[in-house]
Amino acid sequence: MAKEESGGTGVVLEASRREKLRKIIEMGIDPWGSRFDGQLSIGSVRARENEIVVGEPIAPPPPPEGQPQWRKPEIPMSGPTVRVAGRIMLQRRQGKLIFLTIRDWTGQIQILIGKNQVGEKNWELALCLDLGDLIGVDGEFKKTQKGELTIFASGLTFLSKSIETPPDKHSGLSDPELRSRLRYMDLVHTDGVMERMLNRTKILASIRKTLGGEGFVEVEGPTLHSVAGGAAARPFLTHHNALDIPLYMRIALELHLKRLLVGGMERVYEIGRVYRNEGIDQTHNPEFTMMELYQAYGDYRSMMDITEKIITGALDAIGKGYKIEWAGKEFDFTPPFARRSYFELFREKTGVDPADRDAVRAYAASLGLEDLDKKDPDVILNEVFEEKVEDALEGPVFVTDYPASICPLTKRKRSNPAIAERFELFINGMELANAYTELNDPDLQEELFRNQLAGQKEEDSMAKMDHDFIRALRHGMPPAGGLGIGIDRLVMILTNTTSIREVILFPLLRPEKFG
RNA sequence: GGGAAUGUAGCUCAGAUGGUAGAGCAACGGACUUUUAAUCCGUAGGUCUCGGGUUCGAGCCCCGACAUUCUCACCA
C-alpha cells in the first residue's frame with residue numbers, strides 16, 4: 001500500500017475490524033447477515049425472570065489431593081429458551097468465557113458464551129466479534145452466580161459487521177454536534193434518546209387519536225407553494241424546472257386547510273413539516289412540525305377545549321401525570337388551563353393602560369424600543385407585550401383577545417372590531433399554540449392582505465396576497481375555529497427537554513467536509 | 001448579525017510561567033470458565049482545526065480564517 005495518509009489510530013482500528021470481517025467470510029459466514037426470525041425483544045425476555053427455576057446448591061466435588069477448594073457451590077438453574085438480536089455494547093473476555101452486553105431498542109441483556117458450551121465454530125466466530133457488531137443469540141435465559149440476568153448462548157448468528165469504532169463505552173458521545181450528526185450512534189449510546197424519540201412518536205399517535213375521536217380527518221396539503229402565506233416568516237425559495245416557476249417551501253399549513261373548509265371538509269387537520277429560512281437556536285430548527293386544525297362552526301373558544309384534550313391525551317400516552325417538570329420548574333396541565341386577556345395582562349405587568357397610545361409609546365421608549373415614529377400603535381403595543389409580558393408567563397396560560405391589526409387572518413370581535421378573537425398558549429414564556437376564530441370575510445381578508453402595517457418588515461408581515469385563497473373565501477367559508485400547535489415544542493415540554501435538537505431526529509447541520 | 005468560550009488519538013479528556021505530547025476507553029499480543037465501566041502484563045496509535053507571525057524553540061504567545069457550543073438579537 002502507498003504511504004498511509006496520517007490516519008492514526010482510526011486506520012489501525014478499522015484494519016483490525018476488517019481483518020475480523022475477512023475471517024468471518026473465511027468461515028463461510030455472511031458478515032452482513034440475512035433474515036432472522038423468531039427473536040423476542042430484550043425487554044420482553046427480561047420480563048420473564050419469574051420463569052427461571054432455581055434449585056438447591058450442590059456442594060462442589062472435593063478438590064484434587066493437596067489442593068485448596070476453589071470451586072464454588074453450583075446452583076442448578078433452568079429457564080426458558082429464547083432468541084434475541086441486538087448490538088454488542090460491552091464485551092468482557094475471561095479465558096474460555098465471553099460475556100457480552102447486547103442492546104435492542106427495548107433494553108440490554110448479558111450474553112454468556114462458553115467455549116465448551118457453544119461449540120467450536122461458534123467459539124471461533126465469537127472471537128471475531130467487535131463492539132458494535134449485530135448478532136443473534138439462541139440460549140437459555142437464567143442468571144449467573146452474581147444474579148445477573150443472562151442468556152447462556154447455545155447458538156450465535158452473525159447479523160452485521162460494524163467497521164467503525166463505537167464511542168467510548170462509558171462516556172458515549174457528549175459533544176452536542178456529534179450527537180446530532182451521528183444520531184444513529186446517539187440513539188444507541190446516549191441514555192434517554194431512544195425513549196424520547198419513541199415518546200415523540202407516541203405523542204403524534206395520541207394527537208391523531210384525540211382528533212380522530214373528535215371527528216377530525218387528516219389531510220396532506222402541498223409543501224411547495226407559489227405564495228408562502230399563513231404566517232410571518234421568510235421562506236425557502238426553490239424552482240420547478242418543467243414549469244420554470246419559482247416555488248416556496250411552505251411556512252404554514254393554514255391557507256390550504258381553510259380552502260378545504262370551503263370545500264366542505266368540516267373538521268380537518270394536518271400534521272406536517274413547515275420550513276422557515278431563519279435562525280437556529282434552542283427552540284428553532286429551519287424545518288419543524290406543525291399541527292393545524294380547522295373546525296367549521298367553531299370559534300377560538302372551541303379551540304381551547306381541543307388544545308387541552310390534545311395535551312392531556314399526549315401526557316396520558318407517554319405515561320405522565322398532568323403535573324410535569326420542565327426547565328427546572330413544575331407546570332400543571334390539569335385542565336382547564338388559565339385564561340387571561342391580553343389587555344388585562346398588559347395592564348397588570350406594565351402598569352400602563354393599553355388603550356392609552358401615548359402612555360404605551362412612552363413606556364416603549366423607556367424600554368429602549370426603537371423607531372417608534374414609524375410604527376403602528378398596535379405594533380408598538382405588541383412589542384412591549386412581547387418584551388414585558390410573554391417572558392414572564394409561566395403558564396400554561398391561554399392569552400386571549402389580541403389587538404386586531406396584528407392578526408390579519410383572524411375574525412374581529414363583533415362588539416369591538418379592534419380586538420381579534422385569538423389566543424396563544426404560553427408555557428414558561430414560550431409560545432406553544434396559536435388559535436383564531438377564522439376570518440371568513442373575503443373583502444376584509446383581501447384588504448388585510450394589502451395592508452402591511454407600518455413598521456413591519458416585509459418578510460415579517462403576513463401581508464402576502466393569495467388571490468386564489470381570496471377566491472375560495474368568496475365562495476363561502478363556514479365560520480370556524482382554527483388551531484396551530486408546534487409539535488416539536490410540545491414534545492420538548494412533555495419530555496422535559498430544553499433543546500429542540502433533542503426532539504428532532506436529524507436537525508439541520510452544516511454539511512460535514514469529508515476527505 | 002453581536003458577544004463569550006472551545007477546537008489535542010476513533011471516543012472522553014489532561015497538558016502552570018513557551019523546551020518537539022499524556023491518560024482512560026477502544027485496538028493488538030499474552031494470562032484467566034460466572035464477569036459486568038472485569039482485572040493483570042506487554043505493544044502500537046498524533047500535520048495538537050487551518051494559514052501566517054514572534055522566538056534559538058510554539059499545543060501554549062500574537063494576527064487571520066474555518067468550525068462548534070453557549071448567549072443576545074430575529075422568528076414558532
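Residue numbers begin at 1 in each chain, while the letters A, B, ... track the order of the sequences.
Taking atom P on both B:C25 and B:C40, the two are 8 Å apart, rounded to the nearest angstrom. Here the separation of B:C13 from B:U69, taken at their P atoms, is 15 Å to the nearest Å. Between B:C48 and B:G30, the two P atoms lie 34 Å apart (nearest whole Å). Taking atom C1' on both nucleotides, B:A9 is separated from B:C28 by 16 Å, rounded to a whole Å. Atom name C1', nucleotides B:G3 and B:U20: the rounded distance is 36 Å, in whole Å. As rounded to the nearest Å, B:G7 and B:A76 have P atoms that lie 36 Å from one another. Going from the C1' atom of B:A21 to that of B:U47 covers 14 Å, rounded to whole Å. When the P atom is used for both B:G15 and B:C75, the distance is 42 Å, rounded to whole Å.
A:F99 does not qualify as a stacking partner of the B:A38 base, lacking a centre-to-centre distance under 5.5 Å together with planes within 30°.
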Under the salt bridge (charged side-chain N to carboxylate O under 4.0 Å, His left out) rule, what do A:K23 and A:E26 come out as? Steps first, then yes or no, please. CA-CA 5 Å; A:K23 284 184 188 166; A:E26 265 180 15; over 6 Å; no
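Taking a 4.0 Å limit (strictly below) on heavy-atom distances, residues 491-507 of chain A reaches RNA chain B at A:R501.
Across all strands, A:Q282 comes closer than 4.0 Å only to sugar-phosphate atoms, never to a base (heavy-atom distances). Note on A:E148: a base of the nucleic acid sits closer than 4.0 angstrom, heavy atoms only. Heavy atoms of A:E177 sit under 4.0 angstrom from primed sugar atoms or phosphate atoms, though from no base atom. The residue A:L13 sits close to a base: some heavy atom pair falls under 4.0 Å. Here A:K169 lies in heavy-atom contact (under 4.0 Å) with sugar-phosphate atoms only. A:N277 comes within contact range of no nucleotide atom at all, as no heavy-atom separation falls under 4.0 Å. Using a 4.0 Å heavy-atom criterion, one finds that A:G172 contacts the sugar-phosphate atoms exclusively. Counting non-hydrogen atoms under 4.0 angstrom, A:T283 reaches a base of the nucleic acid. Residue contacts for A:I98: at a heavy-atom cut-off of 4.0 Å it reaches no nucleic acid atom on any strand shown.
Residue A:Q94 places none of its side-chain N or O atoms closer than 4.0 Å to OP1 or OP2 of B:A38. The phosphate of B:A26 has neither OP1 nor OP2 within less than 4.0 Å of any side-chain N or O from A:T165. Within the 4.0 Å cut-off from OP1 or OP2 of B:A67, at least one side-chain nitrogen or oxygen of A:R510 is found. At B:C28, one or more side-chain N or O atoms of A:K20 fall inside 4.0 Å of OP1 or OP2 (strictly under the cut-off).
Under a 3.5 Å cut-off, the side chain of A:D186 and the backbone N or O of A:H189 do not form any donor-acceptor pair. Put simply, the side chain of A:E292 gets close to the backbone of A:L253: a donor and an acceptor are under 3.5 Å apart. Under a 3.5 Å cut-off, the side chain of A:T150 and the backbone N or O of A:E148 do form a donor-acceptor pair. Side-chain N or O atoms of A:D378 include none that pairs as donor or acceptor with a backbone N or O of A:A404 at under 3.5 Å.
Rounded to whole angstrom, the span from the NE2 atom of A:H189 across to the P atom of B:C25 amounts to 16 Å. The CG-P distance, from A:L127 to B:A27, rounds to 13 Å in whole Å. Atom-to-atom, CZ of A:R18 to P of B:A26 comes out at 22 Å; the value is rounded to the nearest Å. The CD1 atom of A:I251 sits 19 Å away from the P atom of B:C74 (whole-angstrom rounding). Across the protein-nucleic acid pair, A:I406 atom CD1 and B:C75 atom P stand 11 Å apart, rounded to whole Å. With rounding to whole Å, A:N428 atom CG is found 18 Å from B:A76 atom P.
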Tell me which donor-acceptor pairs under 3.5 Å the side chains of residues 488-497 of chain A have, and how far apart each pair is, sequence neighbours excluded?
| residue | atom | partner | partner atom | Å |
| --- | --- | --- | --- | --- |
| A:D488 | OD1 | A:R200 | NH1 | 2.9 |
| A:D488 | OD1 | A:R200 | NH2 | 3.1 |
| A:D488 | OD2 | A:T289 | N | 2.7 |
| A:R489 | NH1 | A:E431 | O | 3.0 |
| A:R489 | NH2 | A:T283 | O | 3.3 |
| A:R489 | NH2 | A:H284 | NE2 | 3.4 |
| A:T495 | OG1 | A:V491 | O | 2.6 |
| A:T495 | OG1 | A:T497 | OG1 | 2.9 |
| A:T497 | OG1 | A:R196 | NE | 3.1 |
| A:T497 | OG1 | A:T495 | O | 3.2 |

Collect all protein-nucleotide pairs involving nucleotides 21-24 of chain B in which both atoms are nitrogen or oxygen and the distance is under 3.5 Å.
| residue | atom | partner | partner atom | Å |
| --- | --- | --- | --- | --- |
| B:G24 | N2 | A:D168 | OD2 | 2.6 |

Enumerate the protein-to-nucleotides 13-15 of chain B contacts in which both atoms are nitrogen or oxygen and the separation is below 3.5 Å.
| residue | atom | partner | partner atom | Å |
| --- | --- | --- | --- | --- |
| B:C13 | OP1 | A:S174 | OG | 3.3 |

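Remark: A:R92 engages no residue in a salt bridge (charged side-chain N to carboxylate O under 4.0 Å, His left out) (not counting sequence neighbours). Applying the salt bridge (charged side-chain N to carboxylate O under 4.0 Å, His left out) rule to A:E270 yields the partners A:R250; only residues at least two apart in sequence or on another chain are considered. For A:E56, the side-chain hydrogen bond (donor to acceptor under 3.5 Å, both in side chains) test picks out no residue, with sequence neighbours left out. For A:K115, the side chain to side chain contact (heavy atoms under 4.5 Å, CB included) partners at least two apart in sequence or on another chain are A:K96, A:W123. With sequence neighbours excluded, the residues forming a side-chain hydrogen bond (donor to acceptor under 3.5 Å, both in side chains) with A:E14 are A:R18, listed by chain and number.
Counting only residues at least two apart or in different chains, ring pair (Phe, Tyr, Trp, His ring centres under 6.0 Å) contacts with residues 387-407 of chain A comprise A:F337-A:F398, A:Y342-A:Y402, A:F398-A:F423. Every pair passing salt bridge (Lys or Arg N to Asp or Glu O under 4.0 Å) that includes a residue from residues 158-167 of chain A is listed here, sequence neighbours excluded: A:D130-A:K161, A:D133-A:K161.
Using a cutoff of 4.0 Å between basic side-chain nitrogens and carboxylate oxygens, A:R422 and A:E424 are scored as salt-bridged. Salt bridge annotation for A:R276-A:E278: absent, with no cationic side-chain nitrogen under 4.0 angstrom from a carboxylate oxygen. Salt-bridge check for A:K329 with A:E394: passed, with a basic side-chain N closer than 4.0 Å to an acidic carboxylate O. Of the charged side-chain nitrogens involved, at least one lies within less than 4.0 Å of a carboxylate oxygen, so that A:E51 and A:R48 count as a salt-bridged pair.
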Pairing annotation in dot-bracket form, given for RNA chain B with Watson-Crick or G-U pairs under 3.5 Å and | for cross-strand partners: (((((((..((((.....[..)))).(((((.......))))).....(((((..]....))))))))))))....
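Take the nearest nucleotide of RNA chain B for A:E164 and for A:S16: the residue whose nucleotide is more 5' is A:E164.
Side-chain proximity of A:Q145 to B:C75, B:U34, B:A76: nearest is B:U34. Of the candidate nucleotides B:C75, B:U69, B:U12, B:C75 has the atom nearest to the side chain of A:D281.
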